[in-house]
Engineer: 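One structure, pasted below without further comment.
Atoms within each ligand, like the ligands themselves, are counted from 1 in listed order.
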Amino acid sequence: MGGRALVQWGQNRDNAPDGLHVDLYAGGPAPAELNEVTFYQVPYAPSTQGVDERLEIIGRMPRLRVLQLVSAGYDQVLGLIPDHVTLCNGRGLHDASTAEHALALVLAAQRELPRWAIDQREHRWAPAPQRSLADSRVMILGYGSIGRAIERRLLPFETEVVRVASRPRPEEDVHGVDELPALLPGVDIVVLVTPLNEATRGLFGASEFALLRDDALVVNVGRGAVLDTDALLAQNGRVRAALDVTDPEPPPVDHPLWEAPGVYFTPHVAGGSTAFYPRARAFMDAQLGRWAAGEPLANVVRPGR
Ligand SMILES: NC(=O)c1ccc[n+]([C@@H]2O[C@H](COP(=O)([O-])OP(=O)(O)OC[C@H]3O[C@@H](n4cnc5c(N)ncnc54)[C@H](OP(=O)(O)O)[C@@H]3O)[C@@H](O)[C@H]2O)c1
């Protein structure tokens, strides 16, 4: 396929496949000649909310055939592209980065690292008994690409993993989400890592919290709105939480999440570490090569119709 590609990284231009003109765009004011663009990779911005210039310019690309995201989530663009445009995401590019952060959140919460960091700043030496990750039963709710990467990191910590996806896959020992009521009372830690869609919005709410044992931990590295914030706040510390994504995101300065007992959060930084960029650049080179050669694209989440 020829035409013009608008992508983020310089090496794509240097290695541009024959027949494909590649322009660079890292966000900000729109580049010229948008009306010629057939392939657009939206510049990476991990936690941007709403529609900004990177997304607004999609409406000025009448020849667009492929919209490529390098994020795994694509909920933010579904309403912005016509049906004939093929949508591809960055599935896999964030696995190492996001899984590592999920582990960091689990360990920080279990071993109370935020507490010791505050004590250090206040020159206080106050040891206390600690929870462990070892011997815990950990549910991965959203056993997909990142979920598998989380499991690979959890198992060496001597944990037992319970796999849950939208539908059961008995051959892989994956439970369906309908089994949550039976499974939740038996787990110590739940890691949420589903996409945000109509089925997952508010998926983890008051009834799910009610089934968890006291002092259980809920980690969310998927999307903020998968977890019902009011239901979490109502726990008042009975169940703990370590979040990379929140609803609202970011919480307004006077939001109760900032002070909620047993709740730690990081500002949506799980996926965008140094482990992401080399994987994303290599993927984009290969994807542009496929597009230029007329080969099937990777990571198609919604084919153009
Ligand atoms: N915090 C960050 O910085 C960060 C970084 C990267 C990604 N993310 C988020 O992580 C999400 C997952 O990424 P991924 O690459 O692992 O996606 P994926 O490979 O598509 O896996 C998603 C998993 O979620 C499951 N799922 C979907 N709907 C469900 C439901 N209603 N109930 C239970 N499970 C459900 C899917 O089940 P099936 O297998 O049955 O389809 C699948 O196992 C992304 O969509 C994005 O929102 C966050």
Engineer: Checking contacts here: is it the side chain or the backbone of R169 that comes within 4.0 Å of ligand 1, counting heavy atoms only? Could be both or neither.
Structural biologist: side chain
Engineer: Quick one: look at T194 and ligand 1, take heavy-atom pairs under 4.0 Å, and tell me if it's side chain, backbone, both or neither.
Structural biologist: both
Engineer: Using heavy-atom distances only, which candidate in S166, A102, A99, G90 approaches atom 37 (O) of ligand 1 most closely?
Structural biologist: S166
Engineer: Considering only heavy atoms of R223, which atoms of ligand 1 have at least one such atom less than 4.0 Å away?
Structural biologist: 8 (N), 9 (C), 46 (C), 47 (O), 48 (C)
Engineer: For the side chain of D95 and the backbone of T98, is there at least one donor-acceptor N/O pair under 3.5 Å apart?
Structural biologist: no
Engineer: So if I count the atoms of ligand 1 from 1 in the order they appear, which ones are less than 4.0 Å from some heavy atom of S145?
Structural biologist: 15 (O), 16 (O), 18 (P), 19 (O), 21 (O)
Engineer: Hey, is the main chain of R305 close enough, under 3.5 Å, to the side chain of D83 for a donor-acceptor pair?
Structural biologist: no
Engineer: So, 4.0 Å and heavy atoms of D244: is ligand 1 close enough to count as a contact?
Structural biologist: yes
Engineer: What's the verdict on ring pair (Phe, Tyr, Trp, His ring centres under 6.0 Å) for H21 and F39, showing C-alpha distance, side-chain angles and the deciding distance?
Structural biologist: CA-CA 10 Å; H21 182 97; F39 182 112; over 10 Å; no
Engineer: Would you kindly say whether H101 and T266 are connected by a side-chain donor-acceptor distance under 3.5 Å?
Structural biologist: yes
Engineer: Would one find an N or O of R91, backbone or side chain, under 3.5 Å from an N or O of ligand 1?
Structural biologist: yes
Engineer: Check whether any side-chain N or O of R148 sits under 3.5 Å from a backbone N or O of G144 as a donor-acceptor pair, and report yes or no.
Structural biologist: yes
Engineer: Ignoring hydrogens, just give me the one of G92, G176, G222 whose non-hydrogen atom is nearest atom 9 (C) of ligand 1.
Structural biologist: G222
Engineer: Could you tell me which atoms of ligand 1, counted from 1 in the order shown, lie closer than 4.0 angstrom to a heavy atom of Y143?
Structural biologist: 43 (O)
Engineer: N/O of V164 under 3.5 Å from N/O of ligand 1, yes or no?
Structural biologist: no
Engineer: Just jot down the side-chain hydrogen bond (donor to acceptor under 3.5 Å, both in side chains) partners of T159, sequence neighbours excluded, or say none.
Structural biologist: none
Engineer: Here's a test for you: under salt bridge (charged side-chain N to carboxylate O under 4.0 Å, His left out), which of R60, R63, R4 qualifies with E36?
Structural biologist: R63
Engineer: Check each of L87, L196, N299 against Y74 using the side-chain contact (heavy atoms from CB on, under 4.5 Å) test, and report the only one that passes.
Structural biologist: L87
Engineer: Within the 4.0 Å heavy-atom shell around V221, which atoms of ligand 1 are there?
Structural biologist: 1 (N), 2 (C), 4 (C), 8 (N), 9 (C), 48 (C)
Engineer: Using a 4.0 Å heavy-atom cut-off, which part of I146 comes near ligand 1: side chain, backbone, both, or neither?
Structural biologist: both
Engineer: Going by the order shown, which atoms of ligand 1 are within less than 4.0 Å of some heavy atom of A270?
Structural biologist: 1 (N), 2 (C), 3 (O)
Engineer: Checking Q110 against R240: is there a side-chain donor and acceptor pair closer than 3.5 Å?
Structural biologist: yes
Engineer: Under a 4.0 angstrom heavy-atom cut-off, which atoms of ligand 1 come close to G271?
Structural biologist: 2 (C), 3 (O), 5 (C)
Engineer: Going by the order shown, which atoms of ligand 1 are within less than 4.0 Å of some heavy atom of A72?
Structural biologist: 7 (C), 13 (O), 15 (O), 44 (C)
Engineer: Do the side chain of E53 and the main chain of A30 share a donor and acceptor less than 3.5 angstrom apart?
Structural biologist: no
Engineer: With atom 27 (C) of ligand 1 as the reference point, say which of A149, P267, P195 has the nearest heavy atom.
Structural biologist: P195
Engineer: When you check the side-chain N and O atoms of E172 and Y143, is any donor under 3.5 Å from an acceptor?
Structural biologist: no
Engineer: Kindly confirm or rule out an N or O of G147 lying under 3.5 angstrom from an N or O of ligand 1.
Structural biologist: no
Engineer: Between L141 and ligand 1, does any nitrogen or oxygen pair lie at a separation below 3.5 Å?
Structural biologist: no
Engineer: Can you sort out which atoms of ligand 1 are near T200, meaning under 4.0 Å from one of its heavy atoms?
Structural biologist: 28 (N), 29 (C), 30 (C), 31 (N)
Engineer: Quick check: does D75 get an N/O under 3.5 Å from an N/O on ligand 1?
Structural biologist: no
Engineer: Look only at the side chain of R124 and the backbone of Q120, and say whether a donor-acceptor pair between them is shorter than 3.5 Å.
Structural biologist: no
